[in-house]
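Contents: one structure, followed by commentary.
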There are 2 protein chains.
Amino acid sequence: MPITWNQQLVKKENKSLVLSQIINHAPLSRADIAQRSGLNKGTVSSLVAELIEEKLINESGPGESSGGRRPVMLHFNHGAGHTIGIDLGVNYILGVLTDLSGNIVVHKNEAYKNISYADTISRVVNIIKFLISAAPPSPYHIVGIGVGTPGIVDNKGTLLLAPNLGWHDIPFQTELEKIFQIPVIVENEANTGAYGEKRFGVGQHADNLIYISAGIGIGAGIIINGELYSGFTGYSGEVGHMTIDRNGAKCTCGNKGCWELYASEQALLSKANTKNSPKEVGLDDIISLAKEGNKEILETLAEIGENLAVGIINIIHAFNPEQIIIGNRLASCKQWLEPKVKEVIQQYTSPFNQTDIRIDFSSPSMPVSAIGAAAFSAEAFLKAQLEIK
Amino acid sequence: MPITWNQQLVKKENKSLVLSQIINHAPLSRADIAQRSGLNKGTVSSLVAELIEEKLINESGPGESSGGRRPVMLHFNHGAGHTIGIDLGVNYILGVLTDLSGNIVVHKNEAYKNISYADTISRVVNIIKFLISAAPPSPYHIVGIGVGTPGIVDNKGTLLLAPNLGWHDIPFQTELEKIFQIPVIVENEANTGAYGEKRFGVGQHADNLIYISAGIGIGAGIIINGELYSGFTGYSGEVGHMTIDRNGAKCTCGNKGCWELYASEQALLSKANTKNSPKEVGLDDIISLAKEGNKEILETLAEIGENLAVGIINIIHAFNPEQIIIGNRLASCKQWLEPKVKEVIQQYTSPFNQTDIRIDFSSPSMPVSAIGAAAFSAEAFLKAQLEIK
DNA sequence: TTAGTTTGTCTATTGAATAAACTAAGTTTA
DNA sequence: TAAACTTAGTTTATTCAATAGACAAACTAA
């Protein structure tokens, strides 16, 4: 049955509008909100009163007068509740406890190698328990848990396949909800990363962006009209298995010439290790060598940059996004990749695409996937909260 | 300024809901609409009265009784106005006059070879004039013109570049609006085709679909959540220039190994003509030869099918759509392309993608691009009409 | 001190949806 | 065939949220 509009819905939408104005532009007075939104002053007053009642916003002291009565400033109550975001990597877990604005309150990091499925799950559960116990008191306490994970996740939060973890068919969302009795959202790590960049990172001013998660494999998170597009069944952004060289090397997926064979962290490591056989080098070693000016490594990085660009050009042609953000592990090589990536894109896209597109790298210090996952949950909570009554 | 919700907007939305129920499920009685939509009977009655007043719907004779008073059946007034759709091809113009439901009332076809820009424009204008004069009388007369054209079109309806037409920077929309004083919409031909398939073709039941227009070049129209996604600046779907063989042949776009070098009508013609040198064969000849069972042609078609599949697999990985529709000229080779396309897709996509995706071909008899363009205009008219008062 | 300004609240009005009573026009049953 | 029941559509009183505008509160400026 379609949605029919009535006064209750009108009120909900307007209340949501008032709240988002405060979230995005605080501090604001009631008068400011009325002017910005076009709502009547009285309407704003009554909606604000309800939001204060629900502890979602606060009044602070009076602001500066501009020639008349001093306004009462309103703020979003960040601390009305907290959410937990988990970035589940191939050999690490990064957990954050954030307030409703996405500020990290507590974080916990664990690294490990080759542990079992059961072990990983129990570590995840323990980290969540720790974060819950570390949460400061608040009216709504913990309002949700978000998890970003490598692999194919369907619309119901089941991890169908994660080759790099060696897992398949894990009903993650259901299991965590059973344990914690809190709404859980499980998404592909590129999707949470995309959302993290959109909300808190370099993508804040774009409504149509593609986040390219270049780690061991390559995935993409797609933001269209400000919202995550996860595909019909949830599997969008599997761009790592896009064919860019149909006569190329064989991929584990069964196909040939997949992009991630040429442009992922794995590709970089493989290339670096055949060239410098004596001892195995990791990403950190590569960065050190690049800083020292090692010619072979610099050449390898340039090659990876070129390969990255080839796939990005394909993505630009298909999506015509406003912005491309390159994130995950390879973003730490920005310094050496960026010039080549931009040069090749400049060379092989039409001038129309060039003028408007921005290419950026994630800031490696920001855990976008974890805070993006947390932000998903926070958003879901606020939406549900406004729905009530 | 954001939209604020008030009673007028509620009414508009509900009126729009009532109208769309009638459009999609006519004949319906007032009682049917109330039950389907959840709106109150009285509300439906009053909205229906206004829609009748505005000539957008009609009452017909009483329907079948189901044990009580006989219902008055309501119908969408298809003929309240008409729209014009133009499919501007490389060497043809196809114009249709449709009613507001997309039924073709009059159509006009012109084929030509190598004529100038000025000549083409004047033919387009003449066809539109003819179609306007051929329109039956109606309350709203001609409510809009839609044009689908090969090439890159920006958000303002300017044809930035059409290599196959040899045109660039044509402010099509502005010029036609100046001449006819009616709202004009200009879109890439793949976009109008996608919309045509969604509304009237094989894509009617999918809300996330990609229409692949395989003609001289290859373009794609993207429907996400039931709506056309045309990219940030309008250039999405340039998938013909997606690299599938980075060491491959050079393309006119400056890049190497573009998909349309291997899988377009042009690719088919080139291959067929090197193999059968004596006289130049066209698409019709190829179809005849294939029907006769000509081995070389059948092999060539299989090869094109395989190449088509390679690009489609990339698109599936990126978008995870519900449906892929292959249209334009190559759709007439469905019989020979389909088995190979499906076989290769089956082989090289993950099982998750296979179970849910439908691959279809356009029906060659339906002028999807023209009726899609017309439908864009019709939709814009109805939206604007409901906006008033 | 007085006039003017800005903020926020209060009150009467408007207008849309709704529930429920009502009229209209049929069918079913005794 | 009349009475009872059903369904369709209209009318009326009620509810509820937004609005306009009056008003009070608290400030600035002359």
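The sequence lines fix the lettering, A, B, ..., with proteins before strands; numbering per chain opens at 1.
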When you check every protein heavy atom under 4.0 Å of nucleotides 15-23 of chain C, what one-letter string (B, S, -) results, 5' to 3'?
BBSBB----

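Listed pair A:Arg70 / D:dA25 fails the phosphate criterion, with no side-chain N or O lying under 4.0 Å from OP1 or OP2. Checking the phosphate oxygens (OP1, OP2) of C:dT9, a side-chain nitrogen or oxygen of A:Ser45 falls inside 4.0 Å.
Between the CG atom of B:Leu51 and the P atom of D:dG9 there is a distance of 15 Å, rounded to whole Å. Between the CD1 atom of A:Ile33 and the C1' atom of C:dG8 there is a distance of 12 Å, rounded to whole Å. If you measure from atom CD of B:Glu64 to atom P of D:dA8, you get 13 Å, rounded to the nearest angstrom. A:Ile52 has its CD1 atom 10 Å from the P atom of C:dG8, to the nearest Å. In this entry the distance linking CD of A:Glu13 with C1' of D:dA18 reads 15 Å, nearest Å.
Across every strand in view, D:dG21 sits in a pair with C:dC10 that passes the Watson-Crick or G-U test at under 3.5 angstrom.
Checked against D:dT7, D:dG9, C:dT7, the side chain of B:Ser29 finds its nearest nucleotide in D:dG9.
The residue from B:Val147, B:Thr192, B:Asp154, B:Thr158 that alone fulfils the side-chain contact (heavy atoms from CB on, under 4.5 Å) condition with B:Val186 is B:Val147.
Contacts of A:Val72 with the nucleic acid, taken as non-hydrogen atoms under 4.0 Å apart, involve only primed sugar atoms and P, OP1 or OP2.
Within a 6.0 Å sphere centred on CD of A:Glu53, other residues, nucleotides and ligands contribute 12 heavy atoms or fewer.
A salt bridge links A:Arg30 with A:Glu59: the closest approach of a Lys/Arg side-chain nitrogen to an acidic carboxylate oxygen falls below 4.0 angstrom.
The side chain to side chain contact (heavy atoms under 4.5 Å, CB included) search around B:Pro62 returns B:Arg70, not counting sequence neighbours. B:Asn155 is linked by a side chain to side chain contact (heavy atoms under 4.5 Å, CB included) to B:Ser230, counting only residues two or more places apart in sequence or in another chain.
Residues A:Arg30 and A:Gly68 each lie close to DNA chain C; by heavy-atom proximity, the contact nearer the 5' end of the strand is made by A:Gly68.
Inter-residue side-chain proximity for A:Glu379 and A:Arg199 is flagged as met; some heavy-atom pair is nearer than 4.5 Å.
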Run A:Phe76 and A:His78 through side chain to side chain contact (heavy atoms under 4.5 Å, CB included) and show every step you take.
CA-CA 6 Å; A:Phe76 178 46; A:His78 310 141; 3.6 Å; yes

